[in-house]
**Student:** 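Next up is a structure, given as structure tokens.
Atoms within a ligand are numbered from 1 in the order they appear, just like the ligands themselves. Since the model is a prediction, treat every value here as computed from it, not as a measurement.
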Amino acid sequence: MTITIIGTGYVGLVTGAILADSFNQVYCVDIDSKKIESLNSGAIPFYEPGLAEIIKRNTSQDRLKFTTSYSESIPTSKIVLICVGTPTRENGEANLDYLFTAIEEVAQNLKEYTVLVIKSTTPIETFEKLNEIVKANTQVPYDLTSCPEFLREGSAVKDTVAPEKIVIGSSSQKATDLLLELFREFPGERIICDLPSAQMIKYAANCFLATKISYANAIANICERCGADSKVVLEGMGTDPRIGKSFLNPGVGFGGSCFPKDLKAFVKISEDLGVNFQLLEEVLKINSAQIDNFVHKITQALGSLEGKKIGILGLAFKPNTDDIREAPSLKIIDQLLSLGATVCAYDPIAVASTQKVLGEQIEYKTSAYEVAEGADALLLVTEWDEFKELDLVRIKSLMRLPFLFDGRNLYDPQTVKSLGFTYFGVGRG
Ligand code: UGA
């Protein structure tokens, strides 16, 4: 099948690469000519395990192409997948400008019946407007469908190759059949439903996951005050299959380009529909309070941070990505700097992306040991695997003071205390 993908972000690029790998002819279109140039020269715009190999394999066999031109492939494509961003506006709602511009361009290039698939996360009423735009720009028959995306950064390839579910929101049997054919080789439950339900599944899922995290953080805060160990409490609670153990890890809160954006948008969507979804506002409040709580712990232990040297381990919003959008690290660093501390940091992958945002406000190091040198405190902010393997005896010997603030509960409190650290986890009694 010839397929066009609009947008070469995480969703578009990974989906395009995987669909090419299952022997479709895929064209990835982006209006950013620099990005397309660099993709054509073999560079990948972000770090995602396993993606570079798949892109290389498929570009070398001409099954995957990158272009700025809508007219090159849309006339011959059976399916066009739109994967552009829907960022947050000032008032919390999703900014759909990229989506509307993209669908207009797509419509102008249609030549025969095509299935238009929206993978971007969109408020429910968006499809009405999308249909209006398409109809105003073409007479060619089409079906507009919603296939929300559930991949996670850092495991995007695995999640796309082996999804748990494929959601197809459509009112057309013809479009549904074509999409079932496109995804036939992929495992996972098929959820065939109407358009509003498909879009709601995405928002409801992301908001629920974020709620789980904030619940875990709230429990951890109570554990801290009553002397209980949140790890034991949350694991104990998670053994109930109705609850489950995943997404109950307390820490410095959730970040990334999805949860904060989708929560704000869903609060606004609910409000517009006359529903006051205050629970989600609390989820956001608890999340941002986690940063304040963490920094408060540091100032309580160290006193004034004026002139103190603080080392940060991990900058990415989570491991296995170089993405720092809404990363807790940035908010923590901001507070530390305004309290007069000097900050140095190391991340296995995300130093370059952080440098673009923070510039020379902090110092960048090439290992955790360099960060520890002369530090008054170490802050573990992203739980990269390599931090589990650190020689903590060496780390402590390099530090000026032995304060270890573990923002992801990566270390065993008894072990690190026995090594002489003054240890603070999240909700560890
Ligand atoms: C999230 C969803 O998990 C995906 O299913 C969805 O497709 C994606 O958003 C999206 O909407 O595009 P992602 O943002 O890549 O994926 O990352 P997650 O693995 O969900 O982690 C989000 C944040 O929550 C991270 O900052 C992570 O550190 C934090 N987190 C996660 C916790 O603090 N505790 C946990 O127990 C789990």
**Student:** Is Lys231 salt-bridged to Asp229, going by a charged N under 4.0 Å from an acidic O?
**Tutor:**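 Result for this pair is no, no salt bridge flagged.
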**Student:** Judged on heavy-atom distance to atom 11 (O) of ligand 1, which of Glu153, Glu149, Lys202 sits nearest?
**Tutor:**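 Ranked by closest heavy atom to atom 11 (O) of ligand 1, first place is Lys202.
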**Student:** May I ask whether Gly256 places a heavy atom under 4.0 Å from ligand 1?
**Tutor:**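 Outside the 4.0 Å threshold, so no.
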**Student:** Between the side chains of Gln335 and Asp292, is a donor N or O closer than 3.5 angstrom to an acceptor N or O?
**Tutor:**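 Side-chain D/A pair, Gln335 to Asp292: present.
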**Student:** Considering only non-hydrogen protein atoms, determine which one is nearest to atom 36 (O) of ligand 1 and report residue, atom name and distance to 0.1 Å.
**Tutor:**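 I find the closest protein heavy atom is Asn249 N, 2.9 Å.
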**Student:** Should the pair Asp376-Lys309 be classified as a salt bridge under the 4.0 Å nitrogen-to-oxygen rule?
**Tutor:**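 Here Asp376 does not pair with Lys309 in a salt bridge, since their nearest N and O are not under 4.0 Å apart.
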**Student:** Does a side-chain N-to-carboxylate-O contact under 4.0 Å join Glu53 and Lys56?
**Tutor:**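 Between Lys56 and Glu53 there is no salt bridge, as every charged N stays at least 4.0 Å from the carboxylate O atoms.
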**Student:** Checking the N or O distance criterion of under 3.5 Å, is ligand 1 in contact with Cys258?
**Tutor:**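 No, no N or O pair falls under 3.5 Å.
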**Student:** Should Gly251 be listed as contacting ligand 1, given a heavy-atom distance under 4.0 Å as the test?
**Tutor:**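 Heavy atoms of Gly251 never come under 4.0 Å of ligand 1.
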**Student:** Applying a 4.0 Å heavy-atom criterion (strictly less than), which segment of Asp159 is in contact with ligand 1: side chain, backbone, both, or neither?
**Tutor:**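 Answer for Asp159: neither.
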**Student:** What about Glu383: any of its N or O atoms under 3.5 Å from an N or O on ligand 1?
**Tutor:**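 Looking only at distances, the answer is no, because the N/O contact criterion of under 3.5 Å is not met.
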**Student:** Report the nearest protein non-hydrogen atom to atom 19 (O) of ligand 1: residue, atom name, distance rounded to 0.1 Å.
**Tutor:**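 Checking every protein heavy atom, the shortest distance to atom 19 (O) of ligand 1 gives Lys318 NZ, 2.8 Å.
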**Student:** Looking at Leu404, Leu390, Asp347, which hits side-chain contact (heavy atoms from CB on, under 4.5 Å) with Leu313?
**Tutor:**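 With Leu313 as partner, side-chain contact (heavy atoms from CB on, under 4.5 Å) holds for just one option, Leu390.
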**Student:** Going by distance alone, is a donor N or O of one side chain under 3.5 Å from an acceptor N or O of the other, for Ser77 and Thr4?
**Tutor:**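 The criterion, which ignores hydrogens and geometry beyond distance, is satisfied for Thr4 and Ser77.
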**Student:** What is the nearest protein non-hydrogen atom to atom 23 (C) of ligand 1, stated with its residue, atom name and distance?
**Tutor:**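 Ranking protein heavy atoms by distance from atom 23 (C) of ligand 1, first comes Phe254 CB, 3.6 Å.
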**Student:** Considering only the protein, which heavy-atom contact is closest to atom 3 (O) of ligand 1, and what is its distance?
**Tutor:**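 Protein heavy atom with the smallest distance to atom 3 (O) of ligand 1: Arg152 CG, 3.4 Å.
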**Student:** Without placing hydrogens or testing angles, list every side-chain donor-acceptor pair under 3.5 Å for residues 124-132, not counting sequence neighbours.
**Tutor:**
from	atom 1	to	atom 2	distance (Å)
Thr126	OG1	Pro123	O	2.4
Asn131	OD1	Tyr142	OH	2.7
Asn131	ND2	Phe127	O	3.3

**Student:** Below 4.0 Å, non-hydrogen atoms only: which portion of Asn206 touches ligand 1? Side chain, backbone, both or neither.
**Tutor:**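 Side chain only.
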**Student:** Check this for me: does any side-chain nitrogen of one of Asp385 and Lys388 sit under 4.0 Å from a carboxylate oxygen of the other?
**Tutor:**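 Lys388 and Asp385: salt-bridged.
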**Student:** Identify the closest protein heavy atom to atom 30 (N) of ligand 1: which residue and atom is it, and at what distance?
**Tutor:**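 Nearest protein contact, heavy atoms only, for atom 30 (N) of ligand 1 is Ile213 CD1, 3.4 Å.
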**Student:** Would you mind checking which non-hydrogen protein atom is closest to atom 5 (O) of ligand 1, with the distance to 0.1 Å?
**Tutor:**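 Result: Phe150 O, 2.8 Å.
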**Student:** Taking distance alone, with no angle check, do Leu151 and ligand 1 share an N/O pair under 3.5 Å?
**Tutor:**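 By distance alone, the answer is yes.
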**Student:** Looking only at protein heavy atoms, which one is nearest to atom 33 (O) of ligand 1, and what is the separation?
**Tutor:**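 Nearest neighbour among protein heavy atoms for atom 33 (O) of ligand 1, to 0.1 Å: Arg408 NH1, 3.4 Å.
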**Student:** Report the part of Lys212 (side chain from C-beta onward, or backbone N, CA, C, O) that has a heavy atom under 4.0 Å from ligand 1; answer both or neither where that applies.
**Tutor:**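 Neither; nothing of Lys212 gets under 4.0 Å from ligand 1.
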**Student:** Does ligand 1 have a heavy atom under 4.0 Å from the side chain of Phe259, from its backbone, from both, or from neither?
**Tutor:**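 Under 4.0 Å from ligand 1, Phe259 contributes side-chain atoms alone.
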**Student:** Give the numbers and elements of all ligand 1 atoms closer than 4.0 Å to a heavy atom of Leu248.
**Tutor:**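 So the answer, numbered in order with elements, is 36 (O).
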**Student:** Tell me whether Lys165 is salt-bridged to Glu189, with the criterion being a basic N under 4.0 Å from an acidic carboxylate O.
**Tutor:**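 Glu189 and Lys165: not salt-bridged.
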**Student:** Any ion pair linking Glu326 and Lys331 (charged N to carboxylate O, less than 4.0 Å)?
**Tutor:**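 Yes, Lys331 and Glu326 are salt-bridged.
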**Student:** Any idea which part of Glu326 is under 4.0 Å from ligand 1, heavy-atom wise: side chain, backbone, both or neither?
**Tutor:**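 It is neither; nothing of Glu326 touches ligand 1.
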**Student:** When you compare ligand 1 with Leu209, is there at least one nitrogen or oxygen pair between them that comes in under 3.5 angstrom?
**Tutor:**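 By distance alone, the answer is no.
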**Student:** Is the closest basic N to carboxylate O distance between Arg242 and Asp240 below 4.0 Å?
**Tutor:**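 Salt bridge between Arg242 and Asp240, a charged N being under 4.0 Å from a carboxylate O: yes.
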**Student:** Got a salt bridge between Glu224 and Lys297, using NZ or NE/NH1/NH2 to carboxylate O under 4.0 Å?
**Tutor:**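 Looking at Glu224 and Lys297, the cut-off is met.
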